[in-house]
Amino acid sequence: MFYFVVQNTMFFLIPLLVVALGGLFSERSGIVNIALEGKMLVGAFVGILFISTFQDRLPGQPILLIALIIAALTGMALSFFHAYAAINMKADQTISGVAINMFAPAFAIYVSRAVSGHQQVHFSDQFRLERVPHLGDIPLIGPMFFQNAYITTYLGFLILAISTFVLYKTRFGLRLRACGEHPHAADSVGVNVAKMRYAGVLISGALAGLGGVVLVVPTSTTFNATVSGYGFLALAVLIFGGWRPLHILFAAFFFGFMQAIAASYSGIDFLRNLEIPAHFYRMSPYIATLIVLAFTSKNTMAPKAAGQPYDKGGR
């Protein structure tokens, strides 16, 4: 039972982690990104549509990796419009994000019906790894992380490590963070604020699009033009994690665990015997989100210049 809960937690933790890290790059550059839901949805749609179309011609893991790349590129393409509106047009970043969130499900539904005649996109789950050689035999750790797992789990932790290194150990990361805190100071030493913000938003879109596929593949065999609010949950993870990668990991674990309980309570004897209505478990992750944000949001430190259009001649 313990292994079952941990494995299910990973299925929800990893997409929240990846998408929240995407939001981190954008907001650290100074661009507020509430469009994570829309980018995640479109990335998931395009990636799953690719899998559904070509699954009979390509083997399991390679087609999943290609779908992840396609989803990331799709997220980047959608992010370009958000970046252009926020950076070049100096539009309200919240309104731009809302527009993308409204566009995404309409786009997915329209294209899906145009291509297949119906809204749902079906695919076969051929991506589960029954056991990773050697690692799956490790006591305790093996059954939790290296049996009945997906490569997306390991990809998520790899993205966390790379993101932490890039943000805090590279010149690019230093410049990106400077643009989100003191863009005029960064500009005064030769940093191109607009380019850095474009980079942050595009990276954000890539991770959000990738995160859409990472969410759908382990948890369903049907995509129905929705990611069930996980983009907004990822935004909550970002805020709860204080815009810091390792804190985001712990926040993602908390919300991922709540989602795992909501999704698999019927398979846990203790919870099933409590005879609590099913809708209570389904609501619990979102109720927890509201409670956590209510008590922690005032103590978090967002990047100082996040949401503020940069005017090179201003002060």
Side-chain angles (χ1 to χ4, degrees), residues 9-29 31-45 47 68 71-72 74-76 78-79 82 93-94 96-98 100-101 104-105 152-153 155-157 159-160 162-164 167 200-219 223 226-260 262-263 284-293 296-297 300 302-303 306:
T9 298
M10 289 297 108
F11 297 158
F12 298 105
L13 180 159
I14 296 301
L16 289 175
L17 174 64
V18 171
V19 178
L21 289 172
L24 176 65
F25 275 94
S26 179
E27 301 212 357
R28 279 294 185 183
S29 74
I31 303 297
V32 170
N33 196 348
I34 69 167
L36 295 174
E37 176 87 358
K39 297 171 185 177
M40 190 177 181
L41 193 156
V42 172
F45 168 67
L68 290 170
T74 303
M76 289 181 70
L78 190 58
S79 287
H82 182 50
Q93 296 168 17
T94 301
S96 174
V98 170
I100 290 176
N101 288 337
T152 51
T153 299
L155 178 63
F157 287 113
I159 290 173
L160 172 65
I162 294 174
S163 298
T164 304
L167 282 170
V201 176
L202 292 179
I203 292 172
S204 174
L207 293 181
L210 186 150
V213 176
V214 170
L215 169 67
V216 175
V217 166
T219 58
F223 179 72
T226 179
V227 288
S228 305
Y230 275 79
F232 296 113
L233 274 179
L235 189 60
V237 167
L238 173 64
I239 297 170
F240 185 33
W243 289 268
R244 288 175 287 185
L246 292 181
H247 291 199
I248 287 173
L249 171 63
F250 292 115
F253 176 81
F254 170 76
F255 288 110
F257 176 75
M258 295 297 296
Q259 287 286 355
S284 60
Y286 305 97
I287 295 173
T289 301
L290 294 174
I291 294 173
V292 167
L293 291 180
T296 63
S297 59
T300 57

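All residue numbers in this chain count up from 1 along the given sequence.
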With a 3.5 Å cut-off and sequence neighbours excluded, list the donor-acceptor pairs that the side chains of residues 210-219 form with protein atoms.
unit_1: T219; atom_1: OG1; unit_2: L215; atom_2: O; d: 2.7
unit_1: T219; atom_1: OG1; unit_2: V216; atom_2: O; d: 3.4

TODO: Quick one: pull up OG1 in T164 and CZ in R244 and give me the separation to the nearest 0.5 Å.
DONE: 12.0 Å

Task: Reported CG-to-CG distance for the pair L235 and L16, which is rounded to 0.5 angstrom - done: 11.5 Å

Task: Qualifying residues under side-chain contact (heavy atoms from CB on, under 4.5 Å), relative to F240, sequence neighbours excluded - done: A251, F254, F255, V292, T296

TODO: Name all residues meeting the side-chain hydrogen bond (donor to acceptor under 3.5 Å, both in side chains) criterion together with S96; count only those two or more places apart in sequence or in a different chain, and write none if there are none.
DONE: H82

TODO: Might you point out which heavy atoms bring A234 and V19 nearest each other, and give the distance in Å?
DONE: CB-CG1, 3.6 Å

Open item on the list: Just verifying a value: how many Å separate M76 CE and L207 CG, rounded to the nearest 0.5 Å?
Closed with: 9.5 Å

- [ ] Calculate, to the nearest 0.5 Å, the distance between atoms OG1 and CE belonging to T9 and M258 respectively.
- [x] 11.0 Å

Task: Spacing of OG belonging to S26 relative to CD1 belonging to I34, to within rounding of 0.5 Å - done: 11.0 Å

Open item on the list: For I248 versus A20, what's the shortest heavy-atom pair and its separation?
Closed with: CG2-CB, 3.8 Å

Open item on the list: Quick one, L24 and W243 - any side-chain contact, counting heavy atoms below 4.5 Å?
Closed with: yes

TODO: Measure across I159 and L21 and return the closest heavy-atom pair with its distance rounded to 0.1 Å.
DONE: CG2-CD1, 4.0 Å

Open item on the list: Apply side-chain contact (heavy atoms from CB on, under 4.5 Å) to residues F12 and L233 and explain how you reach the verdict.
Closed with: CA-CA 11 Å; F12 298 105; L233 274 179; over 6 Å; no

Open item on the list: If I compare all heavy atoms of P245 with all of L167, which pair ends up nearest, and what's the gap?
Closed with: CG-CD1, 4.2 Å

TODO: Measure the CZ-CG distance between R28 and L238 for me, rounded to the nearest 0.5 Å.
DONE: 9.0 Å

Task: Taking every non-hydrogen atom, the tightest pair across M10 and P15 - done: O-CD, 4.3 Å

- [ ] Name all residues meeting the side-chain hydrogen bond (donor to acceptor under 3.5 Å, both in side chains) criterion together with Q259; count only those two or more places apart in sequence or in a different chain, and write none if there are none.
- [x] Y230

Task: Closest contact, heavy atoms only, V32 versus A306 - done: CG2-C, 3.9 Å

Open item on the list: Within the structure provided, determine whether T226 and P105 are in side-chain contact (heavy-atom separation under 4.5 Å).
Closed with: no

Task: Set of residues satisfying side-chain contact (heavy atoms from CB on, under 4.5 Å) with respect to L249, sequence neighbours excluded - done: L13, L17, F157, L160

TODO: For atom OH of Y286, decide whether the heavy atoms of other residues, nucleotides or ligands shown that lie under 6.0 angstrom number more than 12.
DONE: yes

Open item on the list: According to side-chain hydrogen bond (donor to acceptor under 3.5 Å, both in side chains), who are the partners of S79, at least two apart in sequence or on a separate chain?
Closed with: K39

- [ ] Under the side-chain contact (heavy atoms from CB on, under 4.5 Å) rule, what do L202 and F25 come out as? Steps first, then yes or no, please.
- [x] CA-CA 9 Å; L202 292 179; F25 275 94; over 6 Å; no

